[in-house]
J.: 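Can you keep this structure in mind? I'll have questions shortly.
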Protein chains: 2
Amino acid sequence: MPDSNVTLEHVARLAGVSKVTVSKVLNNTGRISEDTRKRVLEAARQLGYVANTAARSLRGRPTQILGMVIPELISPYFAEVARAAADAASRQGYDLALFTTSRDPKRERERVGALLGGLADGLIIVVPIGAAGFLADLERSRAPVVLINHFGASTHLPVVRADSFQGSLAAVEHLLSLGHRRIGFVTGAAHSSQAAERYRAYQACMVAAGLWDEALVRPGDFTQRRGFEAGLELLSLPDPPTAIFAASDLTAFGVIDAARAKGLRVPEDLSVVGFDDIPAAAHAHPSLTSVAHPIQAMAQAAVDLFLKARAGQTVRDTLIEFPSRLVVRASSGPAPRRWP
Amino acid sequence: MPDSNVTLEHVARLAGVSKVTVSKVLNNTGRISEDTRKRVLEAARQLGYVANTAARSLRGRPTQILGMVIPELISPYFAEVARAAADAASRQGYDLALFTTSRDPKRERERVGALLGGLADGLIIVVPIGAAGFLADLERSRAPVVLINHFGASTHLPVVRADSFQGSLAAVEHLLSLGHRRIGFVTGAAHSSQAAERYRAYQACMVAAGLWDEALVRPGDFTQRRGFEAGLELLSLPDPPTAIFAASDLTAFGVIDAARAKGLRVPEDLSVVGFDDIPAAAHAHPSLTSVAHPIQAMAQAAVDLFLKARAGQTVRDTLIEFPSRLVVRASSGPAPRRWP
DNA sequence: AGAGTTTGAGTTAACGATAACTCAAAATTT
DNA sequence: AAATTTTGAGTTATCGTTAACTCAAACTCT
């Protein structure tokens with residue numbers, strides 16, 4: 001309402017026709033004489049008319065806006081997902097409206113309701129998200145909703161996610177094949193299902209290799225700061241690791257900082273592997289070995305699922321899982337020989 | 001329209017009242033008996049009713065959504081601005097809907113129109129943005145719009161911006177006071193007005209000190225990769241700089257990488273100063289001396305201006321300029337003595 | 001007890017856009 | 001020239017919500 005002022009009525013008056021005629025001209029529907037069409041278009045241009053989206057939406061027309069909810073804006077991973085989704089949506093003529101997850105589950109539910117109630121044509125939700133009962137509501141509403149990286153409570157909503165287990169396994173095996181035996185791990189945030197997967201793979205691999213040592217695991221939270229601290233802790237152990245696998249790239253950068261602070265060279269004295277393959281991983285020096293999610297493909301798949309749902313096709317229970325992939329760069333190398 | 005299905009009508013039927021009564025209950029307007037109120041609330045809860053935002057907006061009610069347009073999502077600077085704005089908006093009961101600038105100015109104009117036409121109650125635009133005629137349209141529409149970091153064509157729209165000149169001046173003077181005489185500069189992206197300000201300050205300061213040398217300036221684009229390349233170029237000069245001022249923190253990180261690649265220590269052999277004071281600046285090792293914009297205060301000011309405009313107060317021609325501030329950390333130190 | 005007041009609903013109309021329908025005038029056919 | 005079709009508009013009704021109004025029943029006062 002603020003002051004979108006100019007309505008069909010105004011344009012109609014200026015062009016000397018009825019407002020329905022204006023609507024027809026602007027939507028290319030119905031029969032309109034060339035003369036009238038010109039007059040109307042000119043009037044619309046002159047007044048700077050832009051259709052009121054609320055009215056249009058109320059009448060059942062799509063807004064061409066795709067909503068997306070992500071936990072936060074700062075993390076490069078989510079930023080990349082958002083950007084990829086915005087690109088994919090844009091290619092299909094949609095604008096992506098980005099929201100961050102609300103801390104208050106009740107407000108979150110209302111907001112999602114508000115979005116689907118005329119503001120957006122659909123929603124892509126990157127979990128973690130609150131209550132599961134909320135997901136049931138969404139299912140019931142039959143609105144076009146797609147979840148990304150959902151691992152938790154079962155739902156019939158379509159899900160796109162990346163398998164972090166295989167990639168993490170590959171990372172640890174890569175380090176083992178380089179001759180490392182003491183391999184440290186810095187975990188991700190406590191309640192992240194992605195973080196849990198990464199840890200599970202590390203543990204499985206180390207146990208299988210008979211190298212498991214709980215002292216080599218330090219809690220992290222995906223941040224660089226914690227990576228630095230955890231790195232210092234690990235490198236101060238009596239029998240320190242020669243390689244460290246971190247649950248995120250930022251954490252890995254923190255570990256590298258810690259190594260430098262200890263006077264160690266990467267990768268000569270310490271190999272470091274991260275997770276996420278954020279852009280900085282390739283540009284950093286040394287470049288960072290990391291596990292990559294195919295973010296572009298995931299975002300594209302999510303947008304495609306949204307379009308399918310919107311077109312009336314059923315996407316119930318669809319699960320698209322992408323593999324993660326180890327990208328070997330300069331931060332990982334052969335294990336140093338301790339006693340030459 | 002997707003399927004927000006449940007309308008006032010449905011709730012009304014279930015509660016055995018008219019839909020207006022339901023509206024009154026949910027909006028706490030009019031006189032309603034305690035008994036009816038309870039029945040209605042229960043019915044609404046049971047059906048999971050959420051008001052249709054489009055209809056509400058059409059009727060003149062605010063959507064409680066504040067739109068924000070930023071050039072891109074990946075840059076930590078914009079991500080911080082968006083986060084700060086989301087926080088500030090949230091404190092006032094608004095949700096922030098984030099959009100990235102469209103490459104197509106025509107589509108951009110339409111989208112902004114669509115946003116103000118019922119989707120959002122106002123808009124915060126972080127320039128760069130397209131055509132200036134477009135800004136004139138916005139002015140005319142009298143919609144609550146606030147610009148952040150606008151330096152270009154004159155407008156009567158309220159503007160919040162940070163002065164980058166003073167902070168850049170302080171950065172160069174800081175390096176001069178540490179004894180540096182050869183101070184390099186890596187510019188920001190070509191068409192950014194912020195980048196121009198930073199360069200202007202560097203130039204002014206160096207000319208004033210009689211130390212100007214065009215060879216010490218290398219073009220950048222705010223990225224780490226270009227920082228690395230430009231850093232290598234500068235450090236390969238016959239008479240290389242002992243300090244480098246970079247137009248962004250990412251660029252500064254690239255410069256530090258370049259120094260390391262050349263076997264130089266920071267800050268012992270090379271001092272580096274960045275711009276933006278992104279979170280990583282404080283966490284990196286060495287921590288990065290950088291020029292900071294008061295992003296939180298800027299975002300808060302922008303949201304406040306929006307609220308003022310929305311409340312009907314005039315904000316025409318308001319310009320709020322914040323100072324930038326030099327944050328001295330570990331990456332800058334005394335100039336090395338070249339010939340002991 | 002009659003007049004006025006309060007209570008707790010319901011009715012109507014409007015926001016702006018558009019699908020479905022109507023209808024006179026012009027163009028075409030027979 | 002009469003009958004039919006086509007053209008180019010305009011009318012009406014509707015989406016879901018809510019402000020403004022209406023109105024009967026219950027309650028209060030003298």
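Here is how names work: the chains are called A, B, and so on, in the same order as the sequence lines, proteins then strands, and each is numbered from 1.
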J.: Between C/dG16 and A/Tyr49, is there an OP1 or OP2 to side-chain N/O distance shorter than 4.0 Å?
T.: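 Answer is no, no contact under 4.0 Å.
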J.: Taking A/Leu147's backbone N and O only, do any of them form a donor-acceptor pair with A/His150's side chain (distance below 3.5 Å, no angle check)?
T.: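 Here the side-chain-to-backbone pair does not exist.
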J.: Test your reading of the model: is there a side-chain donor-acceptor pair from A/Asn149 to the backbone of A/Ala162, 3.5 Å cut-off?
T.: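 Yes, the answer is positive, given that a donor and an acceptor are paired below the 3.5 Å cut-off.
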J.: At the 4.0 Å heavy-atom cut-off to chain B, mark where contacts on DNA chain D begin and end, going 5' to 3'.
T.: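 Boundary nucleotides touching chain B, in 5' to 3' order, are D/dG16 to D/dA19.
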J.: Between A/Leu8 (CG) and C/dT18 (P), how many Å, whole number?
T.: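 Distance, rounded to whole Å: 6 Å.
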J.: Can you tell me the distance, in whole Å, between the CG atom of A/Leu58 and the P atom of C/dA19?
T.: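 Answer to the nearest Å: 13 Å.
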J.: Is B/Arg83 paired with B/Glu80 through a side-chain N to carboxylate O contact shorter than 4.0 Å?
T.: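 Yes, B/Glu80 and B/Arg83 are salt-bridged.
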J.: Taking CZ from B/Arg59 and C1' from C/dC15, how many angstroms apart are they, rounded to a whole number?
T.: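 Rounded to whole Å, this separation is 6 Å.
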J.: Are B/Tyr77 and B/Phe222 close enough that their ring centers fall under 6.0 Å?
T.: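 B/Tyr77 vs B/Phe222: aromatic centres not under 6.0 Å.
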J.: Does the C/dA17 base have a donor-acceptor partner in the side chain of A/Arg61 within less than 3.5 Å?
T.: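 Answer is no: no donor-acceptor pair is held.
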J.: Which of residues 22-33 of chain A have a heavy atom under 4.0 Å from DNA chain D?
T.: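 Output list: A/Lys24, A/Arg31, A/Ile32, A/Ser33.
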J.: Are A/Arg45 and A/Glu42 within salt-bridge range, i.e. N to O under 4.0 Å?
T.: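 Salt bridge between A/Arg45 and A/Glu42, a charged N being under 4.0 Å from a carboxylate O: yes.
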J.: Please check: side-chain N/O of A/Arg161 versus main-chain N/O of A/Ile148, any donor-acceptor pairing under 3.5 Å?
T.: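 Not confirmed, A/Arg161 side chain does not pair with A/Ile148 backbone.
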J.: Taking B/Ala84's backbone N and O only, do any of them form a donor-acceptor pair with B/Gln296's side chain (distance below 3.5 Å, no angle check)?
T.: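 A pair under 3.5 Å: no.
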J.: Rounded to whole Å, how long is the line connecting atom CG of A/Asn52 with atom C1' of C/dA14?
T.: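 To the nearest whole Å, that distance equals 14 Å.
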J.: Would you mind reporting whether A/Leu138 and A/Leu116 have side-chain heavy atoms less than 4.5 Å apart?
T.: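 With C-beta onward as the side chain, the pair touches.
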